[in-house]
Asks: 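Input: one structure, supplied below.
A, B, ... follow the sequence lines: proteins, then strands. Residue 1 opens every chain. Hydrogens, waters and symmetry mates are skipped; everything else that's a heavy atom, side chains included, is used.
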There are 2 protein chains.
Amino acid sequence: MIEPNGHFCNDCVVRGAAVCSSLNATELREFEHLGRRVHFDSGETVFSEEDITTSFYNVLEGVMRLYKLLPDGRRQIVGFALPGDFLGMNISGRHNFSADAIGVVTVCQFAKAPFNRFIEDRPLLLKRINELAIRELSQARDHMVLLGRRSADEKVATFLLGWRERLVARKGLSDTVPLPMSRQDIADYLGLTIETVSRTFTKLERHGVIEIIHGGISLLDPARAEAMAAA
Amino acid sequence: MIEPNGHFCNDCVVRGAAVCSSLNATELREFEHLGRRVHFDSGETVFSEEDITTSFYNVLEGVMRLYKLLPDGRRQIVGFALPGDFLGMNISGRHNFSADAIGVVTVCQFAKAPFNRFIEDRPLLLKRINELAIRELSQARDHMVLLGRRSADEKVATFLLGWRERLVARKGLSDTVPLPMSRQDIADYLGLTIETVSRTFTKLERHGVIEIIHGGISLLDPARAEAMAAA
DNA sequence: ACCCAAATTTGATCTGAGTCAATTGGCTTT
DNA sequence: AAAGCCAATTGACTCAGATCAAATTTGGGT
């Protein structure tokens, strides 16, 4: 669902953190016309793997799950996108993962061709996009280590601390960690089953490391969580 | 070990495939002075995780393993680098993985500062670097699916086919697949143990899918390998 | 060609996480 | 407030892959 363009980049919640932080006031005014705000309801798919890429997306509000499916239905969540994240870049001309809204999401959508044309003579914007890609690549490698070499306990503890850490940048540090995604989402992100995630949460709670609360957890003993995560 | 600069980009084996493919003849002549060829013997470390980044590297010859270690010594290989691959980009100013030579390796080494200065006013080079990063990101996501959601049999079959595929681009299609890396390297790449990798190789051979030969395998039944990989 | 050290394979056993199967708990609808 | 529904939890059992322990093969150096 597209809303009429009654928005301005200057008021944008992610201005400064996002891809557009590399633009000056003049450029921003031109850039403004390229993007339009689009809302998605909980569970809606923003784009699917193998779809031809027609747009890029800048997340403004909400959380998205980014995932790949195997032919038999097994799912691997390759990341969660938060406000400021930029989605849709690829070489093949097709998306290489799918993206769903977890809860209500607002994105700034850019048609591919005009966006690419805009980049053409803005090396600073390209540089910014490159930085974001390199940062993501580093995160992807960290996640490979988690998937390939960590135990279930370590995976869950690492996830909770990492998720909290990501929220710090946007909402400030807090021991209350909202988890908008389902247990199944967490399992598919960590390469575990839903039962193992649930059992591990319960175990962490029994040991006084976390308290399971509605819609998230409360981190009671960050030090012990760190110890579990580090191995 | 550094050799005196008796080389020219125009003769370079990876010219065309590598990062420098985006440069014209004039630029290339200037670029030439930035890089120097460096050789590494088998097993030598080119750079280590957490080292401050002082150089970027363009692989010219040989194979490298790129890996991360956990404090207790567990290792995850995040990729193998082949000629044409560009290494060393990061945001933090420190390498986020280590890189060793597997067999003899030649790289084209660029000091970070002059390279970054050279990029500054060459948006096409930046664009090329960005493309490489985005391609790697896509590969990283594919590998996450493998690590998180595939069985040992699928992992090994997928690895053999994927490795063969990468060699196609450089050496042409062949059913003889050289495997310069050790079984331990393969295990650490696939999130398995060396024993499981070895058993799976043996199993594939027993089923007539591959033949284990000196320094690699021969792919006897690509179709069946594909079937195993796809699940 | 021979020796030693390392890499690989093979075998036996164990276990962490998966699978299968109920419950339980929270929300929404009526 | 009862019923229905889906997500999450819990329990019992299984199994794929890990671990532990030998062989066996390979390769490099003399």
Asks: Salt bridge check: are B:K68 and B:E50 linked by an N-O gap of less than 4.0 Å?
Replies: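 A salt bridge is absent here (no side-chain N lies under 4.0 Å from a carboxylate O).
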Asks: Which pairs with one or both residues in residues 200-231 of chain A pass ring pair (Phe, Tyr, Trp, His ring centres under 6.0 Å), sequence neighbours excluded?
Replies: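 Listed once each, the pairs would be none.
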Asks: Tell me: CD1 of A:I194 to P of C:dA17, nearest whole Å?
Replies: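 Atom CD1 in A:I194 sits about 17 Å away from atom P in C:dA17.
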Asks: Would you call A:E136 and B:R141 a salt bridge, taking side-chain N to carboxylate O under 4.0 Å as the test?
Replies: yes
Asks: A:M228 has an atom CE; how far is it from atom P of C:dG16, in whole Å?
Replies: 13 Å
Asks: Anything under 4.0 Å to a heavy atom of chain A counts; send over the first and last such nucleotide of DNA chain D, read 5' to 3'.
Replies: D:dA8 to D:dA12
Asks: I'd like to know if B:E154 and A:R74 make a salt bridge, using a cut-off of under 4.0 Å between side-chain N and carboxylate O.
Replies: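 Here B:E154 pairs with A:R74 in a salt bridge, since their nearest N and O are under 4.0 Å apart.
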Asks: Collect all protein-nucleotide pairs involving nucleotides 11-14 of chain C in which both atoms are nitrogen or oxygen and the distance is under 3.5 Å.
Replies:
unit_1 : atom_1 : unit_2 : atom_2 : d
C:dG11 : N7     : B:R199 : NH1    : 2.8
C:dG11 : O6     : B:R199 : NH2    : 3.3
C:dA12 : N6     : B:R199 : NH2    : 3.4

Asks: Mind checking B:S182 for me? I need base, sugar-phosphate or nothing, with any heavy atom below 4.0 Å counting as a touch.
Replies: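 Sugar-phosphate: the residue B:S182, judged by heavy atoms under 4.0 Å, touches backbone atoms but no base.
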Asks: Atom CG of B:L192 and atom P of C:dA17: how far apart are they, to the nearest Å?
Replies: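 So the two atoms are 15 Å apart, to the nearest Å.
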Asks: Run the ring-centre check on A:Y57 versus A:F47 and record whether the distance is less than 6.0 Å.
Replies: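 Here the rings of A:F47 and A:Y57 have centres that are less than 6.0 Å from each other.
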Asks: On DNA chain C, check which nucleotide each of A:H214 and A:D153 is closest to and give me the residue with the more 5' one.
Replies: A:D153
Asks: If you assign each of A:R149 and A:F201 to its closest nucleotide in DNA chain D, which residue comes earlier from the 5' end?
Replies: A:F201
Asks: Please check if the distance between the ring centroids of A:F97 and A:Y67 is under 6.0 Å.
Replies: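 Not close enough - the centres of the two rings lie 6.0 Å or further apart.
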Asks: Between A:R183 and A:D188, does at least one N-O distance fall below 4.0 Å, as a salt bridge requires?
Replies: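 No, this pair does not count.
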Asks: When you compare the side chains of A:N90 and A:T53, does any donor N or O come within less than 3.5 Å of an acceptor on the partner?
Replies: yes
Asks: Need one value for B:G191: base, sugar-phosphate or nothing, where a base atom within 4.0 Å counts as base even if backbone is also close, heavy atoms only.
Replies: sugar-phosphate
Asks: Across the strands shown, which category fits B:T202 at heavy-atom distances under 4.0 angstrom: base, sugar-phosphate, nothing?
Replies: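 Touches sugar-phosphate only.
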Asks: Kindly assign one of parallel, tilted or perpendicular to the pair B:F86 and B:F56, based on the angle between their ring planes and the thresholds 30° and 60°.
Replies: tilted
